[in-house]
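Here's the structure, in structure tokens; my notes come after.
To find a chain, count down the sequence lines: A is the first, B the second, and so on, and within it residues start at 1.
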Number of protein chains: 2
Amino acid sequence: MHISLPSMIRRKRDGGRLESEEIRELIGAYTAAKVPDYQMAAMLMAVLFRGLDEEELSVWTDAMLHSGRVMSHAGVPEIKVDKHSTGGVGDKISLCLAPAVAALGVPVPMVSGRGLGHTGGTLDKLESIPGFEVNLAADRACRMLEECGLFLIGQTEDLAPADRKLYALRDVTGTVESIPLIASSIMSKKLAEGIDALVLDVKVGDGAFMRDLKQARTLAKTLIGIGEASGKSVVALITDMTAPIGLTVGNALEVREAIDVMRGGGPPDTVELTRELGARMLLLGAVVDDLDAGKEAIDRVLRDGSALELFSRVIELQGGDPDVCADPEKLPAASNRETIVARRQGYVARINPRVVAAAALEVGAGRKVKEDDVDPATGIELAVRPGDPVTAGQPLAVLHHNDSGDTEALKTLETAFEITDAPPKPASLIRDRI
Amino acid sequence: MHISLPSMIRRKRDGGRLESEEIRELIGAYTAAKVPDYQMAAMLMAVLFRGLDEEELSVWTDAMLHSGRVMSHAGVPEIKVDKHSTGGVGDKISLCLAPAVAALGVPVPMVSGRGLGHTGGTLDKLESIPGFEVNLAADRACRMLEECGLFLIGQTEDLAPADRKLYALRDVTGTVESIPLIASSIMSKKLAEGIDALVLDVKVGDGAFMRDLKQARTLAKTLIGIGEASGKSVVALITDMTAPIGLTVGNALEVREAIDVMRGGGPPDTVELTRELGARMLLLGAVVDDLDAGKEAIDRVLRDGSALELFSRVIELQGGDPDVCADPEKLPAASNRETIVARRQGYVARINPRVVAAAALEVGAGRKVKEDDVDPATGIELAVRPGDPVTAGQPLAVLHHNDSGDTEALKTLETAFEITDAPPKPASLIRDRI
């Protein structure tokens with residue numbers, strides 16, 4: 001170690017800059033366990049208060065990226081594009097989006113995460129498919145990309161290990177909510193996939209980490225800045241997270257909804273998000289000339305079965321049961337279903353995504369702490385969407401659970417719905433494009 | 001642990017309050033090694049940015065105080081008063097002040113610290129007296145207070161252990177420079193001595209931790225607030241630290257100056273600080289009716305030998321050679337003395353205390369890092385004070401060192417002096433009284 005850590009921490013604390021070499025040495029030494037957690041914790045809190053400027057952040061992210069293996073896909077000459085969502089409730093878009101885009105000739109090397117707290121994780125959803133293996137070694141994932149243009153895996157040990165260590169530390173030291181730290185965590189993992197371009201879905205609203213549009217825009221611009229500094233093309237959509245996406249929250253339930261979308265059906269907002277994000281991925285992948293052509297192409301592969309066919313192949317290659325695509329009844333199902341109904345006539349003004357997520361957590365569909373197991377079968381199926389008119393007694397949602405005695409989740413779920421006399425102002429799904 | 005640490009850290013980080021019970025549990029669990037350093041480091045950085053309000057700080061300090069033994073002096077009915085200085089260069093005041101005050105019937109239970117960086121420490125100075133033992137068990141120190149009204153010891157293992165752990169952590173995590181953390185560290189140790197009242201000497205200027213008067217006043221008021229919340233009488237002087245105190249910097253050299261003061265001599269500023277601080281201790285100890293009577297009493301015991309007699313007794317009781325009082329030549333002396341002289345005629349405009357301290361560090365009189373040993377004999381003897389007129393070639397200072405080949409310290413020392421044509425504006429020693 002050539003750097004003096006206490007003096008580096010003090011400098012950042014007092015609003016000063018960190019030199020590029022210092023940052024590289026700090027991240028490298030931390031990954032190698034040569035910097036103790038307590039010094040990194042103090043540095044992270046100082047960064048939370050003082051931020052990182054564009055150059056500091058770019059070097060910080062690059063040092064995290066190069067703390068481990070950076071995948072390269074020499075055998076895949078096409079432009080490789082991924083999508084990243086900052087996390088919401090009922091966000092199963094990756095499941096139908098990635099096969100659709102890959103089916104159109106744009107390779108998608110997708111490394112996803114698990115759910116925690118109110119947000120779900122793509123890996124948990126995939127694991128609800130019997131046999132599906134998300135822990136693939138990087139080499140095998142690379143071969144899959146060559147064979148079928150897609151892999152859907154979890155972060156391997158050797159991808160951005162600095163991020164895994166830093167994230168675990170941030171989680172227990174109150175240093176999660178920092179835009180540069182969030183941005184470097186996201187981008188170091190995404191850049192390690194070996195992508196050429198990235199579409200970001202930055203969620204905004206009560207169900208997202210970013211509660212207001214200004215924060216969401218700052219995060220989006222920060223992510224784009226890091227991507228550009230690494231020579232990657234990055235675009236962002238800022239999308240609404242004031243209600244769950246689609247009609248399902250819970251792992252197998254969401255896979256089923258994604259399969260519905262790939263059969264040409266599914267709820268309109270799930271389909272719209274898939275089209276909007278997919279069109280941008282196709283444009284970055286240079287297989288279409290404009291967004292409209294991209295949306296049409298996505299529509300086509302969702303309707304003609306080619307997205308579902310590719311999804312089925314990926315399931316098979318990753319050890320899962322591909323029959324779930326033709327027969328979603330093969331997905332795990334909960335033993336109990338209880339319906340909640342509207343107590344009065346009116347309009348669905350609001351379906352609070354955090355409350356729906358809390359009910360899903362209570363029936364085991366998510367994790368309160370990282371160590372929790374997830375029940376793949378449980379969750380919530382919505383029967384209405386915000387703006388829908390309802391009559392008294394009309395079903396609002398079905399709770400899928402495996403614990404017949406428990407009524408807490410049901411009580412929680414009921415409080416998620418707000419019914420008013422007048423119809424609510426319709427919310428726009430796409431809030432901004434950056 | 002009933003508290004959720006990440007949520008406590010986030011609350012403080014976002015400017016919220018910590019509950020009293022939470023603070024007590026945090027400090028207690030940290031002392032018992034049940035809270036990891038990394039979470040405490042993040043909390044300390046959050047406290048550095050957000051501060052602690054009066055109630056939080058009072059509870060925080062009280063929890064640190066009660067993390068270990070609180071001395072009680074049931075056998076000493078008099079009002080027990082101590083002095084604390086926030087640390088400067090050449091600050092040997094405790095050595096002559098404590099015996100003078102104790103000789104006047106006010107018991108002084110004094111627990112001191114070691115020097116680090118540019119500041120000296122009373123313990124290092126005492127240890128330059130051959131045989132002097134600063135590591136006394138609390139019980140033995142209590143008996144000394146009964147026998148002679150004074151002990152001069154170091155922080156024992158069981159006094160405020162939370163402070164020792166927290167200070168070590170702050171030192172390596174860039175969280176030293178926080179007024180509430182500084183104040184709680186000072187007051188938890190001082191309150192653990194079993195005092196009834198305290199006089200604070202808050203140093204201000206280039207040679208102090210507090211560079212400006214506003215900061216120094218804030219620290220003084222914070223310390224007084226904590227003391228009052230514990231039912232103790234606390235007063236503060238804010239005193240000048242733009243030049244070293246007196247004419248010596250270095251351990252044995254400073255003991256010799258303190259002995260000079262207790263023989264009725266010594267440099268005027270060393271004597272004045274002793275009188276001002278001593279008079280306030282006597283007033284708090286209720287043995288004089290006003291400050292003037294206090295100053296006269298201090299003058300008397302410095303001139304009539306009773307302060308020195310008591311110092312000699314304390315040295316003897318703590319295993320040291322009391323003959324140094326009558327014969328300071330028995331103190332360790334450096335083998336080399338080199339004089340630096342004025343290059344031009346004029347007035348001494350400035351003697352930079354940090355530069356003098358740096359020269360003293362270079363000849364081994366202080367510690368660069370905590371693990372360093374201190375050379376008791378080395379240091380600097382000033383031949384002039386700010387404001388003195390000098391002629392070219394007139395001695396400015398003598399460097400006492402044990403490394404004949406080393407000229408770095410001499411070069412450093414030369415740069416401490418600034419000589420100008422016009423006499424400087426005289427600085428007032430006492431900058432404020434709170």
Which atom names give the shortest non-hydrogen contact between Ala41(A) and Ala41(B), and what distance separates them?
CB-CB, 4.3 Å
Closest heavy-atom pair and its distance - Ile9(B), Gly174(A):
CG2-CA, 4.2 Å
Looking at chain B, which one of Ala42(A), Ala46(A), Pro36(A) has the largest number of heavy-atom pairs inside 4.5 Å, strictly under?
Ala42(A)
Please state whether the side chain, the backbone, both or neither of Leu169(B) comes within less than 4.5 Å of a heavy atom of chain A.
side chain
Polar contacts chain A-chain B (donor-acceptor, d < 3.5 Å, no H, no angle):
unit_1	atom_1	unit_2	atom_2	d
Arg13(A)	NH1	Gly174(B)	O	2.7
Arg13(A)	NH1	Glu177(B)	OE1	2.7
Arg13(A)	NH2	Glu177(B)	OE1	3.4
Gln39(A)	NE2	Val172(B)	O	2.8
Val172(A)	O	Gln39(B)	NE2	2.8
Gly174(A)	O	Arg13(B)	NH1	2.7
Glu177(A)	OE1	Arg13(B)	NH1	2.7
Glu177(A)	OE1	Arg13(B)	NH2	3.4

